[in-house]
2 protein chains.
Amino acid sequence: MVGIDEVAAAAGVSTATVSRAIRGLPRVSPTTRAKILATAKELGYVPSSAATRLATGKTHTIGVLAPYVDRWFFGKAIAGVDDELHGKGYNLSLFHLGGRTEPRERLFSRSMVHKQIDAILLLCMYLHPEEIEDLQAIEMPLIVIGGPVPGCPNVGIDDYRAARATTEHLIGLGHRHIALLHGQDDSDLNFSVPKIRVEGFHDAVHEAGLELDPDAAFYGNFTVQSGIEAMARFLEMPEPRPTAMVCASDEMALGALFEARRRGLNVPKDLSIVGIDGHEMGAAAGLTTVWQDPMAQARRGTQMLLAELAGEAGAVHSEIAEQRLVVRETTGPPRA
Amino acid sequence: MVGIDEVAAAAGVSTATVSRAIRGLPRVSPTTRAKILATAKELGYVPSSAATRLATGKTHTIGVLAPYVDRWFFGKAIAGVDDELHGKGYNLSLFHLGGRTEPRERLFSRSMVHKQIDAILLLCMYLHPEEIEDLQAIEMPLIVIGGPVPGCPNVGIDDYRAARATTEHLIGLGHRHIALLHGQDDSDLNFSVPKIRVEGFHDAVHEAGLELDPDAAFYGNFTVQSGIEAMARFLEMPEPRPTAMVCASDEMALGALFEARRRGLNVPKDLSIVGIDGHEMGAAAGLTTVWQDPMAQARRGTQMLLAELAGEAGAVHSEIAEQRLVVRETTGPPRA
DNA sequence: CTGAAAGCGCTAACAC
DNA sequence: GTGTTAGCGCTTTCAG
């Protein structure tokens with residue numbers, strides 16, 4: 001493995017000059033710089049990142065903490081981070097933390113990222129109190145994408161508004177009895193997204209002068225499968241059943257939609273279904289939803305991190321992301 | 001940042017002993033080891049990975065090269081790699097290489113992973129000839145997951161057999177005129193998966209004594225959207241149209257399925273549709289497919305890499321992964 | 001079983 | 001502009 005000293009020797013200069021030349025620093029004459037670059041390429045020299053890290057203390061890699069990588073929101077977000085890192089000389093280190101079930105396979109702790117990354121981008125997830133504490137105490141730029149984490153800046157949509165939008169859309173269509181499929185369970189005390197979405201739903205229902213039907217509240221875990229199961233339970237309800245269902249994610253909504261149709265329901269005539277997210281599959285299936293763009297959110301967060309690392313103090317801050325109700329074919333007026 | 005020397009001083013031993021104790025190496029008395037571990041924890045000592053890398057030459061991170069992270073196969077595979085790395089003290093560095101369109105945003109080159117990773121896991125994708133060359137010349141364990149890359153060991157399903165299985169299933173159902181939605185285009189010379197799947201289809205058709213209909217061959221890029229578009233083109237064909245369509249991926253098949261139903265077709269009565277992959281959404285939508293498990297494949301590949309790194313020469317080798325035809329509701333006999 | 005000391009390959013003052 | 005010289009924090013012979 002050719003090192004900086006070999007390049008220096010071959011070019012007839014010192015290692016310090018090679019270092020400057022290669023990193024494009026000033027104080028190197030154009031001539032020598034050219035010569036150094038040439039011999040470096042000729043020798044196939046690539047700086048040792050380990051040595052650079054040790055010497056500078058910078059790793060030039062940003063860490064992404066995610067509970068899942070094989071789900072829509074997270075996949076899109078990770079892609080967004082990478083897009084932004086492209087060509088900027090930064091690496092992306094992925095820390096999969098395991099789902100929100102307990103016991104979690106891997107907990108976050110400061111030591112797991114200690115000196116391994118320059119900044120951290122956290123993808124919305126359930127955190128244990130100790131983890132939040134460790135996170136807040138961490139000595140590097142941090143942004144969370146998706147859901148608010150107490151005490152940490154985040155970029156994401158206004159989940160309350162999103163949930164209200166879906167609910168009000170249904171109410172506007174004439175629905176008076178609306179079921180809810182959300183992703184919250186009792187262990188979610190520190191994962192606020194599901195809770196916030198539920199509040200938006202509740203408030204919209206109440207403000208329309210309608211009643212909440214506790215029997216029409218179903219729980220899922222944001223997967224397609226859980227949507228299927230929820231629909232099965234829904235169909236066991238005695239008639240008259242709710243005429244619409246709002247789901248806390250497109251993946252659950254799609255599961256519910258497929259299952260409803262398989263059981264012979266006509267969506268939207270027998271039942272309106274609406275999701276939240278903007279999943280491609282939802283667009284294909286004609287699902288009404290509140291669209292959001294996790295890739296853009298992640299990109300924005302990464303930009304902030306990079307800016308902060310570049311010395312721009314205060315670059316990292318909370319920001320509300322774009323969202324939009326997209327009415328498609330799974331919602332309509334209730335049967336007369 | 002507390003370093004090894006502070007621990008050494010506090011424990012009244014040398015840094016060498018601390019190093020041995022912490023890494024669990026022999027030649028340290030139980031007593032001193034216990035003491036060292038205790039003071040290390042007390043001081044909150046975490047070894048500097050940069051220093052360790054420099055000193056040992058090992059990075060303890062494996063690099064994952066992927067063209068996408070927000071698609072089913074790739075998301076699952078990345079999750080699988082991470083699962084396997086969990087708790088083994090290895091990090092996962094993600095290198096997003098950009099899609100297979102030209103010009104590719106980021107090309108692979110040896111220098112981009114130089115000294116940054118110990119081994120590389122490549123997720124099936126289109127590669128340029130120079131990239132393959134660089135890949136093969138690379139001086140570290142390498143495995144590709146998914147599709148064969150010339151000259152590199154891989155774990156993945158037998159794509160030829162998978163394509164044949166879908167086609168023979170349709171033929172067995174009585175279909176005589178079958179459309180094909182594949183993912184190949186002219187730039188795919190080095191990405192063999194689509195081509196192999198097409199061959200399986202062709203061979204199955206020919207061996208059944210049927211004719212290939214060149215007008216019934218559609219091109220997609222493995223996305224849902226491209227499935228929708230392909231179905232739109234399919235529906236422009238003059239009658240009598242093919243009575244079945246085999247798609248090279250579930251994502252395309254689902255797009256085609258949704259679009260067909262939206263246009264009023266009864267699937268499977270008017271048209272049978274089959275995919276390849278085993279996407280959750282396909283299960284929910286009742287899509288017939290050839291199931292495969294990219295997460296398991298990636299896990300297997302990662303195990304091989306880790307074994308090889310652990311000194312087990314020859315641990316990395318090609319392996320055929322499990323697959324299975326899953327007949328669900330989108331295929332049936334053609335209308336009489 | 002333990003310690004001293006020489007690196008690992010590069011960067012960063014500081015001289016020249 | 002360019003070279004010298006210390007480190008960065010850990011690992012690793014090699015003595016003891």
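Letters go in sequence order (proteins before strands), and every chain restarts at 1.
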Completion exercise
From NE2 of His60(A) across to P of dC10(C) the rounded distance in Å is 16 Å
Practice task
Would you mind reading off the distance between Arg33(A) atom CZ and dG1(D) atom C1', rounded to a whole angstrom?
Solution key: 11 Å
Exercise for the section: For Arg53(A), answer base if it contacts any base atom (sugar-phosphate contacts may also be present), sugar-phosphate if it contacts only those atoms, and nothing otherwise; contact means non-hydrogen atoms under 4.0 Å. Expected result: nothing
Problem - Glu319(B) and His317(B) side chains, donor-acceptor separation under 3.5 Å - result: yes
Problem - Out of dC10(D), dG3(D), dC10(C), whichever nucleotide has its closest atom nearest the side chain of Ala51(A) - result: dC10(C)
Problem - Ser29(A) vs dT2(D): side-chain N/O to OP1/OP2 distance below 4.0 Å - result: yes
Handout entry: Proximity to the side chain of Arg27(A) - top-ranked nucleotide from dG3(C), dG3(D), dC14(C)
Key = dC14(C)
Handout entry: Length of the line joining Ile22(B):CD1 and dT2(C):C1', which is rounded to integer Å
Key = 16 Å
Fill in the blank from the handout: Atom OH of Tyr45(B) and atom P of dG9(D) are separated, to the nearest Å, by 10 Å
Handout entry: Base of dT11(D) paired with side chain of Arg23(B) (donor-acceptor, under 3.5 Å)
Key = no
Practice task
Using a 4.0 Å heavy-atom cut-off across all strands, classify Val18(B) as base, sugar-phosphate, or nothing.
Solution key: nothing
Handout entry: Value in whole Å for how far the P atom of dG1(D) lies from CG of Leu25(A)
Key = 13 Å
Problem - Spacing of Gln116(B) atom CD relative to dG9(C) atom P, expressed in whole Å - result: 15 Å
Practice task
Return the nearest nucleotide to the side chain of Ala55(B); candidates are dG7(C), dT11(C), dG3(D).
Solution key: dG7(C)
Problem - N or O in side chain of Thr17(A) less than 4.0 angstrom from dG3(D) OP1/OP2 - result: yes
Handout entry: Listed nucleotide nearest any side-chain atom of Ile4(A), set dC10(C), dT2(D), dG3(C)
Key = dC10(C)
Exercise for the section: For dC8(C), take OP1 and OP2 only and decide whether either is under 4.0 Å from a side-chain N or O of Thr56(B). Expected result: no
Handout entry: Distance below 4.0 Å between Ser14(B) side-chain N/O and dG3(C) OP1 or OP2
Key = yes
Problem - Distance-only donor-acceptor check, side chains Arg300(B) and Gln297(B), under 3.5 Å - result: no
Exercise for the section: State plainly whether the residues Lys58(A) and Asp118(A) are in salt-bridge range, i.e. N to O under 4.0 Å. Expected result: no
Completion exercise
Side-chain atoms of Leu54(B) come closest, of dG3(C), dG9(D), dC10(C), to dG9(D)
Practice task
Look at the side-chain N and O atoms of Thr52(A) and state whether any lies under 4.0 Å from the OP1 or OP2 oxygen of dG9(C).
Solution key: no
Practice task
Take atom NZ of Lys35(B) and atom C1' of dC1(C), then tell me their distance rounded to the nearest Å.
Solution key: 15 Å
Exercise for the section: Decide whether a cation-pi geometry holds between Arg71(B) and Phe74(B); the criteria are a distance under 6.0 Å from NZ or CZ to the six-membered ring centre and an angle within 45° of the ring axis. Expected result: no
Practice task
Verify whether one side chain among Ser49(B) and Thr52(B) offers a donor that lies under 3.5 Å from an acceptor in the other.
Solution key: no
Exercise for the section: Check whether any side-chain nitrogen or oxygen of Ser19(A) sits under 4.0 Å from OP1 or OP2 of dA12(C), and answer yes or no. Expected result: no
Problem - Euclidean distance, atom CG of residue Asp5(B) to atom P of dG7(D) [Å, nearest integer] - result: 13 Å
Listed pairs under 3.5 Å, donor-acceptor, residues 1-9 of chain B side chains, sequence neighbours left out:
from: Glu6(B); atom 1: OE2; to: Gly3(B); atom 2: N; distance (Å): 3.4

